[in-house]
Amino acid sequence: MSVTLRPYDPAQYEAQWQKAWDKAACFAAAPPDDKRPKYYVLEMFPYPSGRIHMGHVRNYAMGDVVARFKKAQGFNVLHPMGWDAFGMPAENAAMEKKTHPAKWTYDNIDAMRAQLKKLGLSIDWAREFATCDPSYYGHEQAMFLDFLEAGLVDRRESIVNWDPVDQTVLANEQVIDGKGWRSGAPVEQKKLTQWFLRISDFADELLAALDGLERWPEKVRLMQANWIGRSEGLECRFELSHTVGGISALDVYTTRPDTLYGASFCAISPDHPLAVKLAEDNAELAAFRAECAQRGTSEADIEAGEKLGFDTGLTAQHPLDPDWHLPVYVANFVLMGYGTGAIFACPAHDQRDLDFALKYDLPVNTVVRPKDEADFAVTDSAYTGDGVMVNSGPFDGLSPQAAREKIIAQFEARGHGQRRVNFRLRDWGISRQRYWGCPIPIILCDACGAVPVPREDLPVRLPEDVSFDRPGNPLAHHPTWKKVACPTCGGAATRETDTFDTFVDSSWYFARFTELADDAPTRTAAVNHWLPVDQYIGGIEHAILHLLYARFYTRAMHKTGHLAVEEPFAGLFTQGMVCHETYRNDRGWLAPDEVEKTATGAVLAADGKTPVTVGAVEKMSKSKKNIVDPDDIIARYGADTARWFMLSDSPPERDVQWTQDGIEGAWRFVQKVWRLFEAEDATFIDALAAPESPPAHALYAQVQTTIEAVTRELESLGFNRAVARLYELVNALAGFQAESAEDKNCRAYGLTQLMKLLAPMMPHLAETGWARLGGDGLVANSAWPDADKSVLVSDEIVLPVQINGKKRAEISVPKTADAAIIEDMALSEAGVKKFIDGKDISKVIIVPGRIVNLVVK
RNA sequence: GCCCUUGUGGCGGAAUUGGUAGACGCGACGGAUUCAAAAUCCGUUUCCUUCACGGGAGUGGCGGUUCGAGUCCGCCCAAGGGCACCA
């Protein structure tokens, strides 16, 4: 009589194994002198918002599979965890709930750490830190001073994006559709003195190095390349008809010098110094400038694309023809921040210029025509394609590309202009008018200017006694904190009250994890050993912001001697989002547990009858209430089930839809694996020679193909495909009838290997099974299996036979059979004969080991 | 507007280099077990046609290359994403 196991109860085992791993210090990374090769796997660290969500579960489940898999493969694995702990929500909580941001943050960290631990992640918790720890941000301040000395930092007045709700400055990258990325409020333009990191100095490098990031998604590299936005062109000078306030000429940047003969006017930005100067004595122009400043930021205005201009009355001399004078306009579509803030316009070959020219009745001169249209002329749609130069004097007949080169060369030869490369990327403004961030270690003195805080005075700590009862920066309002003596002259001075953009904090945390040194941000031996991160995993939403900043910051750290590498992340994987159906009725959105699904739709769970509208599948979000809480899932099904479901079905880079059926399916699988242990022959057998009996041999072979396939899939992060192979093996084991001792041994062997293969994904169940089999120690510490490749190739193979490209039959042939034998066998197969009877065989294609195709007429 | 990605059963999705389309999971249907249910086990499940054997069609659409196309090429359609007055 077989003993029936009780259903697998995760609650009974999961905590137990988590303790066992802890006690054995399984996941502590060994020091750099360890003889194993290193592997650094990192998931983007979380913001301590209070609770983990399913997105975290997916992200950390994937990282954990990689970490456990690499450890089993014999790597010295570093898999740390920390907290991106500065930021606005802590201050909002302080305002709303009257709690201190530090307390709110550290309480959240405690809660979330406990949640993460319940997932059974193989994390080296000894390396944990939060970016709001003074022991972290103090080093960040020191590095800022290093950057300052190295010329990587600027302080300058500039027009900034001002978020009126959050009352702080935003970087360009943080403005989405003209709105603050956090508050969603329309961004205003404001002039402030700001600290900048000179990321644009690295624009060329950051762009060029993208080519070397072979293990990054093409999509992310492309997005970064577009963001950096390199363009090549000509900068040249247009002399003005009059000198205004010392300005006698316009410097103009163009990527289309080939269209110079099609010039029709010049245009300058409303913020151009010439426009500013002219507006001083011209009220109409001043009003126009004000209007542009107002309209400039509104998304709707940009969408409408209405071109507005103001004729200055000045003219500019064409650089290729001294007798040609172009009117100079102030135009709303010319940006001061790009190029020189002044353009020459060629309406025939630029749609914006054409819109403007048509509105203000300016000439349209076609200078490029398509190759096969001799009488081509632009009317209402600019021509930007390739073709042949016309109406361009000495350049007629050339291609635009050739004309561009010749014209630039001519300008350079005559000293009238030069080839120039421009970037879209601007310097990174890092000043934020917030309390809960890293204080900028600078003292502002009326006599000495901006003076660095002496190194021995670091870290500049945030004051603890702050009040949030009025808007703006609590540091600036603090009665005493900012008042200090100037380190240079000793006179009364004030601290910089701005703090760093929190993206600074997340730009080097991966380096800090390599060693928590007291006296320096990084320790050479450790940081150079571990970096680059071998596999970084996180959301696509950081494709530009965080990933570009971190790449720049690593270069800055390289330049200031903090580390050896230039690229922080050798491999990047961007995972998809976790989505769920949405539910609503006339009172608003409903959470999944308020809803009961029926055959035809859904009803309220409370009464079982009130209809509920089932909406689109969307990213889980508080606002739509389509959230499933990881804690509830773990309590009900255990961490392994949650992890398994997150890894099954959907490819990891794509969005996954959370469903009740899906989690139930994963739960059934856990139970099915557990039932494999009901058999009496469930004993530990780690090594076995290929069995003789056909069924056992077949099972043995399937174990080998599964080992081979799962290894390959995990290598390429194909978790969903690895899952499918494991389902197959479990199904085979469950259906296997063990008759002989040999069969039973083979089954036990298969079960032992299965535990190893499952361990990265379902570590607790694998550990429980391993212990039940009588395995040595922990499966978490055991080596990854090698496939016995000798059984992967069988003697007989099945070949499909196609006739005219359609499959008609299958033949079983010896692996060693040559083409003549295969042809013979194919032609004598009954299913084939039927189709070739009375027809001519004009061609026979035999692809060894693959296919036979007969072409008949 | 520019750039990119993706289109495969009722659903999520498989398919090394062009070589048996639909693995695996979900759902559905039928059966076994059960007093009944849950759980479990067995079977069916791309569509059309046929009592059946079988046959035909089929990877968003149209065309092309090839003995052979989900895969390569061209054009088109749809959905999603990024950038967006960047000269």
Side-chain angles (χ1 to χ4, degrees), chain A residues 7 176-178 217-227 229-231 233-234 252-256 259 267 269 296 299 301-308 331-335 337-346 349-353 355-356 382 384 422-426 540-541 543-544 599 617 645 648-651 653-657 659-666 668-669 671-672 675 712 716 718 720-728 730-731 734-735 798-810 834 842-847 849-856:
Chain A
I176 315 288
D177 290 337
E218 188 55 39
K219 183 185 173 156
V220 175
R221 292 195 279 173
L222 214 101
M223 281 166 72
Q224 291 210 355
N226 289 340
W227 186 264
R230 184 180 198 276
S231 71
L234 171 73
V252 161
Y253 174 72
T254 177
T255 56
R256 292 294 304 273
T259 63
S269 163
E299 187 188 359
D301 286 332
I302 292 174
E303 199 112 324
E306 201 196 340
K307 304 285 179 285
L308 300 174
N332 67 336
F333 67 92
V334 181
L335 306 174
Y338 187 80
T340 58
I343 63 164
F344 87 82
C346 173
H349 306 291
D350 181 295
Q351 192 59 45
R352 290 160 309 171
D353 296 349
D355 293 346
F356 192 92
T384 55
N422 252 312
F423 293 95
R424 206 182 151 277
L425 182 71
R426 320 279 174 76
I540 185 75
E541 66 274 20
I544 295 170
V617 174
F645 176 50
S648 320
D649 291 350
S650 290
E653 70 278 10
R654 258 189 251 180
D655 290 353
V656 65
Q657 187 190 346
T659 60
Q660 187 59 31
D661 286 335
I663 188 74
E664 295 279 355
R668 278 199 301 272
F669 179 71
Q671 298 302 336
K672 187 168 189 174
R675 279 195 304 276
R712 180 161 36 83
S716 62
N720 57 319
R721 295 190 295 264
V723 162
R725 300 289 83 77
L726 287 165
Y727 268 112
E728 284 172 336
V730 167
N731 287 341
V798 175
L799 285 187
V801 181
Q802 293 184 339
I803 294 159
N804 292 339
K806 275 196 194 319
K807 184 196 162 195
R808 295 299 182 181
E810 284 180 349
K834 194 168 70 181
S842 53
K843 199 166 178 184
V844 179
I845 296 121
I846 295 176
V847 185
R850 275 288 186 196
I851 203 162
V852 179
N853 192 14
L854 307 173
V855 186
V856 303

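We name chains A, B, ... by the order of the sequence lines, and we start the count at 1 in each one.
With a cut-off of 3.5 Å on both Watson-Crick or G-U wobble distances, the partner of B:A87 is given as none. Under the Watson-Crick or G-U wobble criterion, with both distances below 3.5 Å, B:A79 is paired with B:U5. Partner assigned to B:A23 is none, using Watson-Crick or G-U wobble distances below 3.5 angstrom. B:A15 is unpaired under the criterion used here, namely a Watson-Crick or G-U wobble arrangement in which both key atom distances are under 3.5 Å. Both distances falling under 3.5 Å, in either a Watson-Crick or a G-U wobble arrangement, place B:G43 opposite B:C29.
In this structure, A:Asn804 does not reach the B:G68 phosphate: none of its side-chain N or O atoms is under 4.0 Å from OP1 or OP2. Phosphate contact (OP1/OP2 of B:U5, side-chain N/O of A:Arg654, threshold under 4.0 Å): absent. Taking only side-chain nitrogens and oxygens, A:Tyr338 comes nearer than 4.0 Å to OP1 or OP2 of B:A87. The phosphate of B:C26 has OP1 or OP2 within less than 4.0 Å of a side-chain N or O from A:Arg668. Between B:U20 and A:Lys806, no contact under 4.0 Å exists linking OP1 or OP2 to a side-chain N or O. At the phosphate of B:A84, neither OP1 nor OP2 sits under 4.0 Å from any side-chain N or O atom of A:Arg352.
B:G31 shows a glycosidic angle more than 90° from 0 and is accordingly assigned anti.
Contact annotation for A:Asn422: no contact, since no heavy-atom pair falls under 4.0 Å across all strands. Within the nucleic acid shown, A:Arg808 comes within 4.0 Å of sugar-phosphate atoms alone, with no base atom in reach, counting heavy atoms only. Within the nucleic acid shown, A:Val334 comes within 4.0 Å of at least one base atom, counting heavy atoms only. In this structure, A:Lys219 reaches the sugar-phosphate backbone alone: every heavy-atom distance under 4.0 Å involves primed, P, OP1 or OP2 atoms, never a base. Heavy atoms of A:Arg721 sit under 4.0 angstrom from primed sugar atoms or phosphate atoms, though from no base atom. The residue A:Glu218 sits apart from the nucleic acid: no heavy atom pair falls under 4.0 Å. Backbone-only engagement by A:Tyr727 is indicated by non-hydrogen atom pairs under 4.0 Å involving sugar-phosphate atoms exclusively. Nucleic acid contact class of A:Thr659 (heavy atoms, under 4.0 Å, all strands): none. In this structure, A:Val855 reaches the sugar-phosphate backbone alone: every heavy-atom distance under 4.0 Å involves primed, P, OP1 or OP2 atoms, never a base. In this structure, A:Leu222 reaches the sugar-phosphate backbone alone: every heavy-atom distance under 4.0 Å involves primed, P, OP1 or OP2 atoms, never a base. Contacts of A:Ser648 with the nucleic acid, taken as non-hydrogen atoms under 4.0 Å apart, are absent. If you check every strand for non-hydrogen atoms under 4.0 Å, A:Asn731 touches sugar and phosphate atoms only. Note on A:Gln657: nothing from the nucleic acid sits closer than 4.0 angstrom, heavy atoms only.
With hydrogens and angles ignored, no donor-acceptor pair under 3.5 angstrom links the side chain of A:Asp661 to the base of B:C26. Residue A:Arg850 places a side-chain atom within donor-acceptor reach of the base of B:U17, judged by atom type and a 3.5 Å distance cut-off alone.
With a 4.5 Å cut-off on side-chain heavy atoms, A:Ile851 and A:Pro800 count as touching.
Side chains of A:Ser648 and A:Tyr727: a donor-acceptor N/O pair is absent below 3.5 angstrom, by distance only. Remark: the A:Lys672 side chain and the A:Asn731 side chain contain an N/O donor-acceptor pair separated by less than 3.5 Å.
With rounding to the nearest 0.5 Å, the separation of CZ in A:Arg256 from OG1 in A:Thr254 is 8.0 Å. Note that CZ of A:Arg808 and CG of A:Leu854 are 11.5 Å apart. Values are rounded to the nearest 0.5 Å.
By the 6.0 Å and 45° rule, A:Lys307 stacks over the aromatic ring of A:Phe333.
Where A:Gly337 and A:Pro651 each meet RNA chain B at their nearest nucleotide, the meeting point lying more 5' is that of A:Pro651.
What you find for A:Asp353 and A:Cys346 is that their closest heavy atoms are OD2-N, 3.0 Å.
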